[in-house]
Amino acid sequence: MDRIPILRMGKFLLVTIQIDLYDRLATNLEADLIQMVNKTEAKGVLIDISALSIVDSFMGRILGNIGSMSKIMDAETVVVGMQPAVAITLIELGLELKGVHTALNVEKGMDLLKEKITMYDEEPEELEDEDSVE
Amino acid sequence: MKTDIAKLLQRKKKQILEDWMNMQLADASLREDLMSNEELREQSNELLDTLLKTITDKNITEATSEEFEPVNEIISGISILRARQGFSPKETGTYIFSLKEALLKTLQTDLKDDVNTMVEAIMKVNKLLDVLGILTFETFIKGREEVILRQTDEITEISTPVIRVWEGILVLPIIGTLDSSRTQVVMENLLLEIVESGSTMAILDISGVPAVDSLVAQHLIKTVAATRLMGAECIISGIRPEIAQTVVHLGIDLSNIITKSSLASALKHAFGILKLDVKRIQKDKAL
């Protein structure tokens, strides 16, 4: 059965969708990805959909689901490289992918993820510093 | 003996063309600025030629039949051409109706001995030319509508420029009413430009939008959401007090969207997000 490879890069998981998703593939991806997040304790998930030219409401929901699930598992999701036509379709379908971050390309997506992760990592440290001063 | 109207007219073709041309040239509505007399003669000759070749005694009362296809085509061509060249409906109408007059005149002189045949022939020719006249108007208006359609397309095309004001910042000034089709064009242009230029900020300036109702607001919200999906951020600027008032009165929630009153403040905000700093050069402070 076809599967979409999930690559691990340090704290992040990288998924590049190079073929058009069909429903079964998408549900598999959703399940695999969550398993991987759990297994690797990843802090961020980056999904590159620049090669995806067709979406329907189901795909939109899967993307949204992945975002929400990762959030519960303490990982940020960034969807990068969305085609204009795909964006318009998703908006017309009323799917705004609220729980998902977006970026223009993989590079910017990575920067965004790093920023998010360091932001969360640093916060407790700063608090500790303040505590120690007091 | 029954006179063959078609044959008679064919025989008298030269005379008819001469009469027709004279009538056209004498008419006050002749537009020599739009079409030279030679061109007019050529056009008239072609039409008359085809018409007389087509009509027979049988089909003269059936102008909508397939046999008249060539005539209809020529008339459509002439009408559309005239519509594009800027002839008025009256001038185009006069053109075809003066042909009727020329034809009737010939019938009148040639059949004056037999009044019954003359009346019958005149009735038939009258009917035929009326149908052709109606066709002229229909195609003339169609030609005009095509012109209008093309202009509308052009306006939509040029009315949605996407300007790169800074590296990574796009500005899209919207002037005029926003309807669904226009929003579609605006959205598409913006998203394509975002991909092309790799911009992360987009500013939608609506200071040229005369009124914002719930539908327009809906369109704006959609555009902003689409840009967000692409991975860019969208600011709406140029919100006038009246617009702010109507938006709040209509109960539209714009709180999820960054809104600024002027393009300048939107640009400043964009600079802030991109961590850019614009400063006035301090002159000779050290000296």
Side-chain angles (χ1 to χ4, degrees), chain A residues 15-17 44-57 59-68 76-116 118-119, chain B residues 160 162 164 166-170 172 178-202 204 215-236 252-258 270 272-276:
Chain A
V15 182
T16 56
I17 299 171
V45 176
L46 188 137
I47 306 172
D48 174 26
I49 57 166
S50 55
L52 197 69
S53 53
I54 301 166
V55 281
D56 56 11
S57 54
M59 297 313 159
R61 225 187 64 212
I62 293 280
L63 284 177
N65 283 354
I66 291 176
S68 319
E76 297 286 333
T77 310
V78 179
V79 170
V80 304
M82 192 182 290
Q83 301 273 341
V86 172
I88 292 173
T89 312
L90 286 179
I91 293 306
E92 294 298 335
L93 290 170
L95 295 160
E96 296 191 13
L97 303 185
K98 281 243 165 70
V100 180
H101 302 290
T102 49
L104 223 53
N105 49 36
V106 177
E107 196 184 345
K108 284 186 176 136
M110 271 297 173
D111 287 347
L112 184 69
L113 267 185
K114 276 177 194 152
E115 208 177 289
K116 294 267 174 220
T118 44
M119 207 164 71
Chain B
T160 52
V162 183
R164 250 180 103 174
W166 207 272
E167 208 187 311
I169 305 176
L170 297 176
L172 207 127
L178 261 184
D179 54 16
S180 312
S181 60
R182 189 140 178 248
T183 316
Q184 193 75 23
V185 177
V186 167
M187 207 195 277
E188 269 169 33
N189 282 354
L190 178 62
L191 298 191
L192 285 177
E193 194 62 31
I194 285 175
V195 172
E196 217 161 279
S197 63
S199 303
T200 46
M201 294 298 307
L204 272 179
L215 205 66
V216 172
Q218 196 59 43
H219 291 321
L220 286 175
I221 291 169
K222 268 187 187 173
T223 312
V224 173
T227 27
R228 197 194 75 85
L229 278 186
M230 298 280 303
E233 232 175 305
C234 196
I235 304 172
I236 294 181
I252 301 159
D253 185 21
L254 290 180
S255 56
N256 297 327
I257 298 171
I258 312 167
I273 291 178
L274 293 179
K275 299 186 180 79
L276 289 168

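Heavy-atom basis, side chains included; hydrogens, waters and symmetry copies ignored. Residue numbering restarts at 1 for every chain, and letters A, B, ... go by the order of the sequence lines.
- With a 4.5 Å cut-off on side-chain heavy atoms, A:Leu97 and A:Met82 count as touching.
- Contacts of B:Ser199 with chain A are made by backbone atoms alone, with heavy-atom separations under 4.5 Å and no side-chain atom involved.
- The choice from B:Thr223, B:Ile221, B:Leu192, B:Val195 that makes the most heavy-atom pairs within less than 4.5 Å of chain A is B:Leu192.
- Between the side chain of A:Lys108 and the backbone N or O of A:Val80, no donor-acceptor pair lies under 3.5 Å.
- Contact check for A:Pro84 versus B:Met230: side-chain heavy atoms found under the 4.5 Å cut-off.
- Of the inter-residue distances, the one linking A:Asp56 atom CG with A:Leu90 atom CG reads 9.5 Å to the nearest 0.5 angstrom.
- When heavy atoms are compared at a cutoff of 4.5 Å, B:Leu190 does not approach chain A at all.
- In this structure, the portion of A:Leu95 lying under 4.5 Å from any heavy atom of chain B is its backbone and not its side chain.
- Distance CD/A:Gln83 to CG/A:Leu52: 8.5 Å, rounded to 0.5 Å.
- Neither the backbone nor the side chain of A:Val78 comes within contact range of chain B, judged by heavy atoms closer than 4.5 Å.
- Annotation: maximal heavy-atom pairing with chain B below 4.5 Å, among A:Leu104, A:Leu112, A:Val79, A:Val86, occurs at A:Leu104.
- The most heavy-atom pairs under 4.5 Å with chain B, out of A:Asn105, A:Thr102, A:Ile49, come from A:Thr102.
- When every heavy atom of A:Gly109 is checked against every heavy atom of A:Leu46, the shortest pair comes out as C-CD1, 3.7 Å.
- Neither the backbone nor the side chain of B:Glu233 comes within contact range of chain A; no heavy atoms are under 4.5 Å apart.
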